[in-house]
Amino acid sequence: MQIIIRSLALVTVAFACLSLAPSCDAASPEPPEGYRAIFNGNDLSGWYGWNPHASAKLAGEKKAANLREQRAEFPQHWSVENGELVNDGHGPYATTEQEFGNIDLLIEYKTVPSADSGVYLRGTPQVQIWDWNQAFNPKKPDRKPHQGSGGLFNNTPGTLGRDPIMRADKPFGQWNQLRIRQVGDRTWVWLNKRLVVEGAVMENYWDRSQPLPTKGPIMLQTHGGEIRWRNLFVREIGEQESKRILAAFRPLPDPTQYDVAYGPHPKQVLHFWQAESDKPTPVLFFIHGGGWSGGGRLSGLVNMLPTMLSEGISVVSVEYRFVAEATADGVSPPVKGPLSDAARALQFVRSKASEWNLDKQRIGASGGSAGACSSLWLAFHPEMADADSEDAVARESTRLWCAAVTGAQTTLDPKQMKEWTPNSRYGGHAFGYHGDSANKLSAFEQFLANRDTILPWIAEYSPYALVSSDDPPVYLSYSAPPALGQNQKDPTHTANFGVKLQEHCEEAGVDCDLVYPGAENVDHETTTDYLLWKLKS
């Protein structure tokens, strides 16, 4: 794990160096330490044209002739401008003369609307590049441009890695940074410094019964629109480092059920992993963080998932509408979107109890940051089941057995936040506040100034405001000790939130464990420990 952390630090520095390098230095791109350039920024040396799909079914002289034609066609569609490798959206793919095995690859690209592209590794498709503004088409359920670039699109649908963990694409007109690490048949992808594929097996598209080739060219796909590439650098990974990387990696099992829809919106989907058991299993109901504005379903779940399954606890990981998507749907306040989605997903899971062999009573929620706040909202909110509904899912309970969370915002009341932590700055976006430049107000200042007008919303969506004596036990974990009334280094995830919620829960007779560095009388060191104890007790 230390090797991986050091490697990530190296590449973070590398990309920082790239952003400072003058783009006009076309003749001599400067790779970061340990890397070398595979595009010289001046001409097409070291590259040729080949679309392997166009020659895959050919043999003999017909194949040879096709390959000659593709090489001749290559410079008609590919050119070099200002140190950038430019394609017009047509022609064969840019292919390296050299073949590569285990590598760390750095690439920057910029494309246009309605185009898609990708990076072939060892001549095999591909790390996908999408126009992520394309709408999801339910008639093509395995094509998901709205989820963003970086996934291994040609892998089998329903497997981890085929779709990115999160969307990390930049808007059109901006350069995107790709880092791709290929070790054996496993692929890691970082897009704009966000991990979007974690050690997924890249399948051999040309013959899925065979492993990925040990070596092959890097290929830059062209498909329908201009794409520009620059700063293409590679570092070859030796045998010993490859062994260390694979030894430190803990692969995740593919979900038993992948992208199961619990609502009509493309984001209202979940993954489900079924634990082996001859009796109904408890459930970890995981809600990822990201400020209700980003993040992905595996964010924060990776280390918990294998342990839960091995202990006989099934796992659900929920995707949901972010505040921008809820706003686009006309939801008000915006935070109602992700919170109501979480409630609906919980009801949906309960409706699957018989089919999925679940104990519908023993469901514990977990998550970090906004996912933690969502989990606490579910834990404290009164029952939302509608016993008279014609919808069987809506008749299911929204109550939890427990919740165990990290870095939770326990209130969405800006006045409380300011009193507990003077430099608070979180939460305005949840209620539609994004700042008032005319009056020189930040989003939080605007949120605080308008507090009295949204008190009913705060009462409905703030976990602290919902605590009552019949609520389930909760566990709160923070990475730094509290300091009430003082500015915090990370006011959005301060343990001050935990101290005040614990006091409030104790007044209401609700069990609330609070853990942070230096905390006393800690019975369970981690959320995983607590959940195992509570769900199995």
Side-chain angles (χ1 to χ4, degrees), residues 136 138 141 144 146-147 255-273 282-293 295-297 301 314-356 358-367 370-403 405 412 430-431 457 460-463 466 471-472:
F136 174 68
K144 302 171 183 176
H146 66 288
Q147 291 190 0
T256 311
Q257 301 287 336
Y258 187 98
D259 269 2
V260 182
Y262 64 84
H265 194 279
K267 294 288 291 294
Q268 292 172 323
V269 291
L270 56 83
H271 289 345
F272 169 67
W273 289 264
V283 181
L284 166 60
F285 186 82
F286 187 84
I287 310 171
H288 73 81
W292 298 304
S293 300
R297 277 173 287 178
L301 181 60
S314 295
V315 179
V316 169
S317 184
V318 180
E319 186 58 281
Y320 50 84
R321 290 172 296 172
F322 296 156
V323 291
E325 293 152 343
T327 299
D329 284 348
V331 177
S332 184
V335 74
K336 180 180 178 181
L339 294 183
S340 62
D341 284 0
R344 174 71 182 187
L346 177 58
Q347 292 176 302
F348 177 83
V349 169
R350 278 204 165 96
S351 75
K352 291 287 187 177
S354 296
E355 180 181 344
W356 291 354
L358 307 178
D359 180 344
K360 62 170 31 178
Q361 299 302 317
R362 291 177 180 260
I363 301 180
S366 187
C373 186
S374 298
S375 298
L376 294 177
W377 181 79
L378 285 174
F380 299 143
H381 200 285
E383 177 65 76
M384 289 177 275
D386 182 357
D388 298 323
S389 176
E390 296 181 358
D391 177 6
V393 173
R395 295 196 295 268
E396 295 287 350
S397 174
T398 59
R399 299 296 277 166
L400 292 170
W401 184 260
C402 65
V405 298
L412 293 179
F431 296 96
W457 284 351
E460 172 63 17
Y461 299 108
S462 176
L466 295 168
D471 290 333

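When all heavy atoms are compared, the tightest approach of Arg321 to Gly337 is NH2-O, 3.8 Å. Closest approach of Gln361 to Arg350, counting heavy atoms only: O-NH2, 4.0 Å. In terms of heavy atoms, Pro463 sits closest to Trp377 at CG-N, 4.0 Å. Taking every heavy atom of both residues into account, Ile287 and Ser375 meet most closely at CD1-OG, 3.8 Å. Pairing each heavy atom of Val393 with each of Gln347, the nearest pair is O-CB, 3.4 Å. Contact between Ala345 and Val318 at its shortest, heavy atoms only, is CB-CG1, 3.9 Å.
A salt bridge links Asp259 with Lys144: the distance from a Lys NZ or Arg NE/NH1/NH2 to an Asp or Glu carboxylate oxygen falls below 4.0 Å. Ion pairing of Lys267 with Asp329 is absent here, as no side-chain N (NZ or NE/NH1/NH2) approaches a carboxylate O to less than 4.0 Å.
Here the NE2-CD distance, from His271 to Gln257, works out to 11.5 Å after rounding to the nearest 0.5 Å. In this structure, the separation between CH2 on Trp273 and CG on Leu284 is 9.5 Å, given to the nearest 0.5 Å. Atoms CZ and OH, from Arg344 and Tyr262 in turn, are 10.0 Å apart once rounded to the nearest 0.5 Å. Distance check: Cys402 SG to Asp471 CG gives 13.0 Å after rounding to the nearest 0.5 Å. Considering CG of Leu270 and CG of Asp341, their distance stands at 11.0 Å, rounded to 0.5 Å. Taken from CG in Leu412 to CG in Leu339, the straight-line distance is 8.0 Å, to the nearest 0.5 Å.
The shortest distance between side-chain heavy atoms of Ser397 and Glu383 falls below 4.5 Å. In this structure the side chain of Leu346 never reaches within 4.5 angstrom of the side chain of Arg399, judged on heavy atoms. Using a 4.5 Å heavy-atom cutoff, the side chains of Val283 and Trp356 are not in contact. Considering only heavy atoms from C-beta on, Pro282 stays 4.5 Å or farther from Trp401 through its side chain.
Evaluation of the salt bridge (Lys or Arg N to Asp or Glu O under 4.0 Å) rule for Lys360 yields Glu396 as partners, not counting sequence neighbours. Applying the salt bridge (Lys or Arg N to Asp or Glu O under 4.0 Å) test to Asp359 and every residue at least two apart in sequence or in another chain returns Arg362.
In this structure, His265 has its ring center no closer than 6.0 Å to that of Tyr320.
Although no hydrogens or angles enter the test, the distance criterion places no donor-acceptor pair under 3.5 Å between the side chain of Ser389 and the main chain of Ala394.
Around CD of Glu390, the count of heavy atoms belonging to other residues, nucleotides or ligands within 6.0 Å does not exceed 12.
Taking the six-membered ring where tryptophan is involved, the planes of Phe431 and Trp457 are essentially parallel, since the angle between them stays under 30° and well short of 60°.
Among Val316, Val315, Val349, the one residue that satisfies the side chain to side chain contact (heavy atoms under 4.5 Å, CB included) test with Phe272 is Val316.
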Intermediate values then yes/no, side-chain contact (heavy atoms from CB on, under 4.5 Å), Asp386 and Arg395: CA-CA 5 Å; Asp386 182 357; Arg395 295 196 295 268; 5.8 Å; no
